[in-house]
Colleague: 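Supplied in C-alpha cells, the structure appears directly below.
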Number of protein chains: 2
Amino acid sequence: MDRDEARDILFNFIKEKSLRYTRQREEILQTFLSAGRHITVEELYNVLRKKNTGIGYATVHRNLKLMKECGLADEMKIGSDKTRFEQAYGQRHHDHLICMKCGRIIEVNDDRIERLQDKLAEVNNFFPLKHKLEIYGSCKKCR
Amino acid sequence: MDRDEARDILFNFIKEKSLRYTRQREEILQTFLSAGRHITVEELYNVLRKKNTGIGYATVHRNLKLMKECGLADEMKIGSDKTRFEQAYGQRHHDHLICMKCGRIIEVNDDRIERLQDKLAEVNNFFPLKHKLEIYGSCKKCR
DNA sequence: TTATTATTGATAATAATAATCAATATTAGT
DNA sequence: ACTAATATTGATTATTATTATCAATAATAA
Ligand SMILES: [Mn+2]
Ligand SMILES: [Mn+2]
Ligand SMILES: [Zn+2]
Ligand SMILES: [Zn+2]
C-alpha cells in the first residue's frame with residue numbers, strides 16, 4: 001500500500017468527521033504500515049514503545065479501531081487469541097491457513113471456493129455480506 | 001443423538017480417567033442434549049437454574065469442557081460473542097451461515113467446498129486438521 | 001492569541017473465562 | 001456398611017482482553 005495514499009485516506013476521514021490529525025495518529029499509522037501483517041494492539045504498542053514515542057496503549061487501541069473505520073485496517077480474531085489487525089486498503093479479500101504449531105498465517109485465495117460460498121448462501125435464502133474461512137493445521141516447516 | 005449412547009460415551013470417558021459420575025454431570029448432559037444447538041454456558045446455566053438443580057455456573061462451564069474433551073460437544077466462537085457449544089457426537093462436520101440481524105445460525109454443507117479447501121491447503125504445503133467457514137449476512141426473514 | 005473541543009494517557013470498569021479452595025460426594029477396598 | 005482416598009462442587013476470586021472514564025493537553029478555527 002502506498003504510504004501517502006494511506007495517509008490521505010486517514011487525513012480525509014479525519015477532516016470529514018471534524019477530528020484532529022495528531023502526532024500520535026501519524027506515528028501509529030506509519031508504524032502499522034511498516035509492521036508485519038496480522039499484528040495485535042499489544043505488538044504494535046511494543047514497537048512504538050521501543051521507538052520512545054510515549055504513546056499509550058489505549059491510544060494505539062483507539063486508533064487501530066479508527067483505521068478500521070476508515071478502511072485502512074481489517075480486524076480479525078483467530079480462536080480466542082487477541083484481536084489482530086492487518087492492512088486493508090488496496091488489499092483484496094483473502095482467507096487464512098493458520099499453523100497451530102508456530103502461529104504462521106498464510107494468506108490464500110480461491111475464486112472457486114468464493115463462488116461456491118455465494119451459491120451455498122443463495123440456496124439457503126441467505127444474503128451473504130462477508131465470510132471467514134480459516135484452515136487450521138501445520139505448515140511446511142512444522143509438518 | 002441417542003441419549004443412552006451419549007451417556008455411555010461420557011460414562012466410559014469418566015471411568016477411563018478415574019473421574020466420578022455425579023448427579024451434576026448427568027443433569028448437565030441431559031439438559032445439554034435437550035437444549036437447542038449452539039448454546040452458551042450462560043444459557044445452559046439458566047435452563048438448569050429454572051429446573052432448580054442448584055448447579056453452579058462453574059460446574060456447567062467445567063462440564064461442557066469435559067463433554068468437549070470426550071467428543072460429545074464442539075466449541076465454537078462467533079465474532080466476539082460468548083463461546084457456544086453444540087452436540088458433536090454422531091453429527092457430521094458442517095459450516096455456518098450466521099444472520100447478523102437476528103442471530104439465527106443455519107448449518108450447511110458443501111462437499112465441493114470441502115474438497116477445494118483440502119486442495120488449497122495442499123498447494124500451500126499445508127497440512128489441514130480442521131477448518132472454520134462462517135458466512136455472515138442476513139437470513140430470509142431479516143432480508 | 002484565544003476559545004473550543006477532540007485527544008491523549010493513565011487508570012478504572014467490564015466481561016468472559018478460568019483458577020482457587022474448603023466442604024462435600026463418589027468410589028474402591030475392606 | 002464403613003472407611004479412606006480423592007475427585008467434584010459451588011462460591012468466589014483471579015486473569016485477561018477490551019473498552020470506558022476523565023483531567024490535562026493539544027489541535028484547530030476564528
Ligand atoms: Mn490476512
Ligand atoms: Mn453447528
Ligand atoms: Zn508452522
Ligand atoms: Zn435473521
Side-chain angles (χ1 to χ4, degrees), chain A residues 7 10-29 31-32 38-70 73-85 103, chain B residues 7 10-32 38-70 73-85:
Chain A
R7 190 200 272 106
L10 182 57
F11 193 83
N12 292 335
F13 182 82
I14 280 175
K15 289 303 160 191
E16 230 166 69
K17 299 222 163 190
S18 302
L19 306 180
R20 291 167 187 184
Y21 201 79
T22 61
R23 158 181 94 73
Q24 288 88 341
R25 284 189 172 142
E26 170 71 15
E27 191 79 55
I28 288 168
L29 173 65
T31 310
F32 174 62
H38 316 120
I39 199 172
T40 64
V41 175
E42 194 182 30
E43 286 164 356
L44 189 57
Y45 169 71
N46 284 330
V47 175
L48 286 160
R49 213 153 58 94
K50 276 183 200 139
K51 289 197 201 173
N52 285 97
T53 55
I55 298 176
Y57 189 96
T59 302
V60 178
H61 173 269
R62 272 187 300 240
N63 283 293
L64 279 172
K65 291 284 186 185
L66 186 76
M67 279 156 61
K68 180 190 174 188
E69 250 195 284
C70 71
D74 260 349
E75 201 176 338
M76 64 184 288
K77 231 180 142 51
I78 294 174
S80 49
D81 291 354
K82 290 186 182 179
T83 296
R84 292 179 177 276
F85 292 85
Chain B
R7 191 201 271 106
L10 181 58
F11 193 83
N12 291 336
F13 181 83
I14 280 174
K15 288 304 159 190
E16 231 166 68
K17 299 224 164 191
S18 301
L19 306 180
R20 292 169 186 182
Y21 201 81
T22 62
R23 157 181 96 71
Q24 287 90 340
R25 284 188 170 141
E26 170 71 16
E27 192 79 54
I28 289 168
L29 173 65
Q30 293 307 326
T31 310
F32 174 62
H38 317 121
I39 198 171
T40 64
V41 175
E42 193 182 30
E43 286 164 356
L44 190 56
Y45 168 70
N46 284 329
V47 175
L48 286 160
R49 214 154 57 94
K50 275 183 200 136
K51 289 197 200 172
N52 286 95
T53 54
I55 298 176
Y57 191 96
T59 302
V60 179
H61 173 270
R62 274 187 299 240
N63 283 293
L64 278 172
K65 293 282 187 185
L66 187 77
M67 280 156 60
K68 180 191 174 187
E69 251 195 284
C70 72
D74 260 349
E75 202 176 337
M76 65 183 288
K77 228 178 143 53
I78 293 173
S80 49
D81 290 355
K82 291 187 183 180
T83 296
R84 292 180 175 277
F85 292 85

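Values below: every heavy atom of this structure, side chains too, minus hydrogens, waters and symmetry copies. Naming convention: chains lettered A, B, ... in sequence-line order (proteins, then strands); numbering from 1 in each chain. Predicted model, so just to flag it, every value in this text is computed and none were measured.
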Colleague: In whole Å, what is the span from the CD1 atom of Ile78(A) to the P atom of dA17(D)?
Modeller: 15 Å

Colleague: Distance check needed: dT7(C) P versus Leu10(A) CG, whole Å only.
Modeller: 11 Å

Colleague: Could you list the donor-acceptor pairs under 3.5 angstrom formed between side-chain atoms of residues 41-52 of chain A and any protein atom two or more places apart in sequence or on another chain?
Modeller:
residue: Glu42(A); atom: OE1; partner: Lys82(A); partner atom: NZ; Å: 2.4
residue: Glu42(A); atom: OE2; partner: Lys82(A); partner atom: NZ; Å: 3.4
residue: Glu43(A); atom: OE1; partner: Thr40(A); partner atom: N; Å: 3.0
residue: Glu43(A); atom: OE1; partner: Arg84(A); partner atom: NH1; Å: 3.4
residue: Asn46(A); atom: ND2; partner: Glu42(A); partner atom: O; Å: 3.3
residue: Lys51(A); atom: NZ; partner: Thr31(A); partner atom: OG1; Å: 3.0

Colleague: So which protein N/O to nucleotides 26-30 of chain D N/O distances come out below 3.5 Å?
Modeller:
residue: dA27(D); atom: N3; partner: Arg20(A); partner atom: NH1; Å: 3.0
residue: dT28(D); atom: OP1; partner: Lys15(A); partner atom: NZ; Å: 3.3
residue: dT28(D); atom: OP1; partner: Tyr21(A); partner atom: N; Å: 2.9

Colleague: Could you check which residues of residues 48-56 of chain A get a heavy atom under 4.0 Å from DNA chain D? Sort them by number, please.
Modeller: none

Colleague: Strictly under 4.0 angstrom, non-hydrogen atoms only: write out the protein contact profile of nucleotides 18-25 of chain D, one letter per nucleotide from the 5' end, B, S or -.
Modeller: SBBB----

Colleague: Measuring only between side-chain heavy atoms, which start at C-beta, is Lys15(B) closer than 4.5 Å to Asn12(B)?
Modeller: no

Colleague: Among His61(A), Met67(A), Glu69(A), find the one that has a side-chain contact (heavy atoms from CB on, under 4.5 Å) with Lys65(A).
Modeller: His61(A)

Colleague: Would you tell me if any nitrogen or oxygen in the side chain of Asn63(A) comes within less than 4.0 Å of OP1 or OP2 on dT7(C)?
Modeller: no

Colleague: Can you tell me how far C1' of dA17(D) sits from CE of Met76(A), to the nearest Å?
Modeller: 17 Å

Colleague: Calculate the interatomic distance between Tyr45(A) atom OH and dA10(C) atom P; express it in whole Å.
Modeller: 7 Å

Colleague: Once you round to the nearest 0.5 Å, how far does NZ of Lys17(B) lie from SG of Cys70(B)?
Modeller: 10.0 Å

Colleague: Tell me: CZ of Phe13(A) to P of dA6(C), nearest whole Å?
Modeller: 14 Å

Colleague: To the nearest 0.5 Å, how far apart are NZ in Lys68(A) and OG1 in Thr83(A)?
Modeller: 8.5 Å

Colleague: Without decimals, in angstroms, what is the distance between Leu44(A) CG and dA17(D) P?
Modeller: 16 Å

Colleague: So which heavy atom on Asp81(A) is nearest to which on Lys77(A), and how close?
Modeller: O-NZ, 3.0 Å

Colleague: If I take atom CG in residue Asn46(A) and atom C1' in nucleotide dA17(D), what distance separates them, rounded to the nearest angstrom?
Modeller: 15 Å

Colleague: Expressed in angstrom and rounded to an integer, what is the separation of Leu64(A) atom CG from dG9(C) atom P?
Modeller: 14 Å

Colleague: Sequence neighbours excluded and cut-off under 3.5 Å, please list the side-chain donor-acceptor pairs for residues 19-29 of chain B, or say none.
Modeller:
residue: Tyr21(B); atom: OH; partner: Glu26(B); partner atom: OE1; Å: 2.4
residue: Thr22(B); atom: OG1; partner: Arg25(B); partner atom: N; Å: 3.1
residue: Arg23(B); atom: NH1; partner: Thr53(B); partner atom: O; Å: 3.2
residue: Arg23(B); atom: NH2; partner: Thr53(B); partner atom: O; Å: 3.4
residue: Arg25(B); atom: NE; partner: Asn63(B); partner atom: OD1; Å: 2.8
residue: Arg25(B); atom: NH1; partner: Arg20(B); partner atom: O; Å: 2.7
residue: Glu26(B); atom: OE1; partner: Arg7(B); partner atom: NE; Å: 3.1
residue: Glu26(B); atom: OE2; partner: Arg7(B); partner atom: NE; Å: 3.3
residue: Glu26(B); atom: OE2; partner: Arg7(B); partner atom: NH2; Å: 2.9
residue: Glu26(B); atom: OE2; partner: Gln30(B); partner atom: NE2; Å: 3.2

Colleague: Within the 4.0 Å heavy-atom criterion, would you say Ser18(A) contacts the bases, only the backbone, or no part of the nucleic acid?
Modeller: sugar-phosphate

Colleague: Measuring from Leu64(A):CG to Ile39(A):CD1, what's the distance to the nearest 0.5 Å?
Modeller: 8.0 Å

Colleague: In degrees rounded to 10°, what angle is found between the helical axes fit to the five outermost pairs at each end of the helix from dT1(C)-dA30(D) to dT30(C)-dA1(D)?
Modeller: 30°

